[in-house]
K.L.:
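Sharing a structure with you now.
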Amino acid sequence: MTKKIKQIAIYGKGGIGKSTTTSNISAALSVAGYKVMQFGCDPKSDSTNTLRGGEYIPTVLDTLRDNHAVRAQDVIFEGFNGIYCVEAGGPAPGVGCAGRGIITSVSLLKQQRIFEELDLDFVIYDVLGDVVCGGFAVPVREGIAEHVYTVTSADFMAIYAANNLFKGIQKYSQDGGALLGGVIANSINAPYAKDIVDDFVKRTDTQVVEYVPRSVTVTQSELQGKTTIEAAPDSEQAKVYRNLARKIADHTVSKVPAPLDTQELRQWAAEWGKQLVALESGLVAPAAVGNL
């Protein structure tokens, strides 16, 4: 009997640390003994860089533009600890839909049954989450990914993007779309940042999977073209990523979130803004933030 491949999509606002988080999850799962493919779905095509020593790889769309027929093996490259790396790519600048690369790439690999051929345990899609529409919604809409995670910080625009993703999951869940595994809280150092994310997940009926602090170790590792798991395996940051990967590997039941509507989200953000102003002004103690 063919084993079940666990397919996961990780979304997040551009610049939130989504690809950094995804690559470290892939690396941690690989070190734990799983066979992993990381599928970059951002037109920048830089998802898998730190799995390959900082090296960019040819994308599926670029390869298709140069060839009439493409074998899946031509667009799959091996990275750290045997991780399979794929970059969907995007159209030529100013031409076409950026989501087309995802649609085309997924179709190519499925038609040639590459996931089964490589005997994969995990396929992890690293997806731009600023706009959940068209091709970018494919892992959610088509149920390609079984579990969806979103990376967010306490910044409003990151939370706004996460809330939009929740709306997409809620919409497509009625037609067999992917469900939410949880929220990965990134760059959480200040106590109020944790409080903000905790309040957001409570109000949207979701959960935080892991709190990932901002760390110079990540910067040092990426400057070497490596994940933290590879460059600093004994660091505290690597322990956080390994713990996150273990939780994702063990996760089985995802759910439909309850996103806030735009007015509710604005009101929620305004209330938190007032609390942080009061904290900055010394009108309230740090411990009181979140309880006003």
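Side chains are part of it too, since the values below use all heavy atoms of this structure and drop only hydrogens, waters and symmetry mates.
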K.L.:
Is the number of heavy atoms from other residues, nucleotides or ligands within 6.0 Å of OH (Tyr160) greater than 12?
P.N.:
no

K.L.:
In terms of hydrophobic clustering (I, L, V, M, F, W, Y; side-chain heavy atoms under 4.5 Å; direct or indirect links), are Tyr84 and Ile114 co-clustered?
P.N.:
yes

K.L.:
Test side-chain contact (heavy atoms from CB on, under 4.5 Å) on Tyr125 and Val106; report intermediate values, then the result.
P.N.:
CA-CA 10 Å; Tyr125 301 90; Val106 170; 4.1 Å; yes

K.L.:
Just checking, any donor-acceptor pair under 3.5 angstrom between side chains of Tyr211 and Asp198?
P.N.:
yes

K.L.:
Testing the 3.5 Å rule here: is there a donor-acceptor pair between the side chains of Glu117 and Gln73?
P.N.:
yes

K.L.:
So, does Asp205 use its side chain to make a donor-acceptor pair with the main chain of Ala258 at under 3.5 Å?
P.N.:
no

K.L.:
Rounded at 0.5 Å granularity, tell me how far CG in Asp195 sits from CZ in Phe200.
P.N.:
15.5 Å

K.L.:
Within the distance-only criterion (no hydrogens, no angle test), does the side chain of Gln38 pair as donor or acceptor with the backbone N or O of Ala27 below 3.5 angstrom?
P.N.:
no

K.L.:
Could you tell me if the side chain of Ile124 sits less than 4.5 Å from the side chain of Tyr149, heavy atoms only?
P.N.:
no

K.L.:
If I take atom CD1 from residue Ile229 and atom CG from residue Asn24, how far apart are they, to the nearest 0.5 angstrom?
P.N.:
5.5 Å

K.L.:
Do the side chains of Glu264 and Arg203 get close enough for a salt bridge, i.e. N-O under 4.0 angstrom?
P.N.:
no

K.L.:
Less than 4.5 Å apart, side chain to side chain, heavy atoms only: is that true for Phe80 and Val31?
P.N.:
yes

K.L.:
Should Leu180 and Ser254 count as side-chain neighbours, where that means a heavy-atom distance under 4.5 Å?
P.N.:
no

K.L.:
What distance separates Ile10 CD1 from Thr21 OG1, expressed to the nearest 0.5 Å?
P.N.:
7.5 Å

K.L.:
Say whether Thr48 and Glu87, considering side chains only, have a donor N or O and an acceptor N or O under 3.5 Å apart.
P.N.:
yes

K.L.:
Would you say Val148 ends up clustered with Ile8 if hydrophobic residues are merged whenever their side chains have heavy atoms under 4.5 Å apart, either directly or through other cluster members?
P.N.:
no

K.L.:
Are Leu29 and Asp121 close enough that some pair of their side-chain heavy atoms sits under 4.5 Å apart?
P.N.:
no

K.L.:
Quick one, Thr228 and Val240 - any side-chain contact, counting heavy atoms below 4.5 Å?
P.N.:
no

K.L.:
Under 3.5 Å, is there a donor-acceptor pair linking the side chains of Thr206 and Thr204?
P.N.:
yes

K.L.:
Taking the six-membered ring where the residue is Trp, are the ring centres of Phe39 and Phe115 under 6.0 Å apart?
P.N.:
no

K.L.:
Take Gln207 and Val201 through the test side-chain contact (heavy atoms from CB on, under 4.5 Å) and record every step on the way to the result.
P.N.:
CA-CA 6 Å; Gln207 64 177 345; Val201 299; 5.8 Å; no

K.L.:
Ignoring hydrogens and geometry, is there a side-chain-to-backbone donor-acceptor pair from Ser221 to Thr217 under 3.5 Å?
P.N.:
yes

K.L.:
Scan side-chain atoms only and decide if Ser47 and Asp42 contain a donor-acceptor pair under the 3.5 Å cut-off.
P.N.:
no

K.L.:
Show the nearest heavy-atom pair for residues Val36 and Leu120, with the distance to one decimal.
P.N.:
C-CD2, 4.1 Å

K.L.:
Give a yes or no on whether the backbone of Pro259 and the side-chain of Lys167 come within a donor-acceptor separation of less than 3.5 Å.
P.N.:
no

K.L.:
Between Lys13 (side chain) and Ser153 (backbone), is there a donor-acceptor pair under 3.5 Å?
P.N.:
no

K.L.:
Could you tell me which non-hydrogen atom of Ala154 sits nearest to which non-hydrogen atom of Ile196, and how far apart they are?
P.N.:
O-CG2, 3.9 Å

K.L.:
If you count every heavy atom of other residues, nucleotides or ligands that lies below 6.0 Å from Arg214 atom CZ, does the total exceed 12?
P.N.:
no

K.L.:
Work out which heavy atom in Gln237 is nearest to a heavy atom in Ser215; give both atom names and the distance.
P.N.:
OE1-CB, 3.3 Å

K.L.:
Can Asp199 and Trp268 be counted as having a side-chain donor-acceptor contact under 3.5 angstrom?
P.N.:
yes

K.L.:
Below 4.5 Å, heavy atoms only, C-beta onward: do His251 and Ile248 meet side chain to side chain?
P.N.:
no

K.L.:
Determine whether a donor-acceptor pair (N or O, by modelled atom type, separation under 3.5 Å) exists between the side chain of Gln112 and the backbone of Ala72.
P.N.:
yes

K.L.:
Do the side chains of Ile159 and Val212 join up, straight or via other hydrophobic residues, at under 4.5 Å, putting them in one cluster?
P.N.:
no

K.L.:
How many angstroms lie between OG1 in Thr152 and CD1 in Ile188, if you round to the nearest 0.5 Å?
P.N.:
7.5 Å

K.L.:
How far apart are the closest heavy atoms of Ser26 and Leu51, and which atoms are they?
P.N.:
CB-CD1, 4.5 Å

K.L.:
Return yes if some donor-acceptor pair links the side-chain N/O of Asp155 with the main-chain N/O of Ala158 below 3.5 Å, else return no.
P.N.:
no

K.L.:
Flag the pair Asn81 / Glu230 as yes when at least one side-chain heavy-atom distance between them is below 4.5 Å, and no otherwise.
P.N.:
no

K.L.:
I'd like to know if the side chain of Arg246 reaches the main chain of Ala28, judged simply by a donor and an acceptor atom lying under 3.5 Å from each other, with no hydrogens or angles considered.
P.N.:
no

K.L.:
Apply side-chain contact (heavy atoms from CB on, under 4.5 Å) to residues Ile5 and Val123 and explain how you reach the verdict.
P.N.:
CA-CA 7 Å; Ile5 303 169; Val123 179; 3.9 Å; yes

K.L.:
Taking the side chain as everything from C-beta on, heavy atoms only, tell me whether Val86 gets closer than 4.5 Å to Val60.
P.N.:
yes

K.L.:
Please report the shortest heavy-atom distance between Cys41 and Ala88, naming the atom on each side.
P.N.:
CA-CB, 4.4 Å

K.L.:
Is there a path of hydrophobic side-chain contacts, each under 4.5 Å between heavy atoms of I, L, V, M, F, W or Y residues, that connects Val151 with Val127?
P.N.:
no

K.L.:
Counting only N and O atoms by type, is there a donor-acceptor contact under 3.5 Å from the side chain of Lys247 to the main-chain atoms of Val209?
P.N.:
yes

K.L.:
Please check if Phe156 and Ile184 belong to a single hydrophobic cluster, counting links between Ile, Leu, Val, Met, Phe, Trp and Tyr side chain heavy atoms closer than 4.5 Å.
P.N.:
no

K.L.:
Can you tell me how far the OG1 atom of Thr59 sits from the NZ atom of Lys44, to the nearest 0.5 Å?
P.N.:
14.0 Å

K.L.:
Output the distance between atom CD1 (Ile57) and atom CD (Glu78), rounded to the nearest 0.5 Å.
P.N.:
12.0 Å

K.L.:
Work out which heavy atom in Glu210 is nearest to a heavy atom in Asn243; give both atom names and the distance.
P.N.:
OE1-ND2, 2.6 Å

K.L.:
Check this for me: Lys171, atom NZ, are more than 12 non-hydrogen atoms of other residues, nucleotides or ligands nearer than 6.0 Å?
P.N.:
no

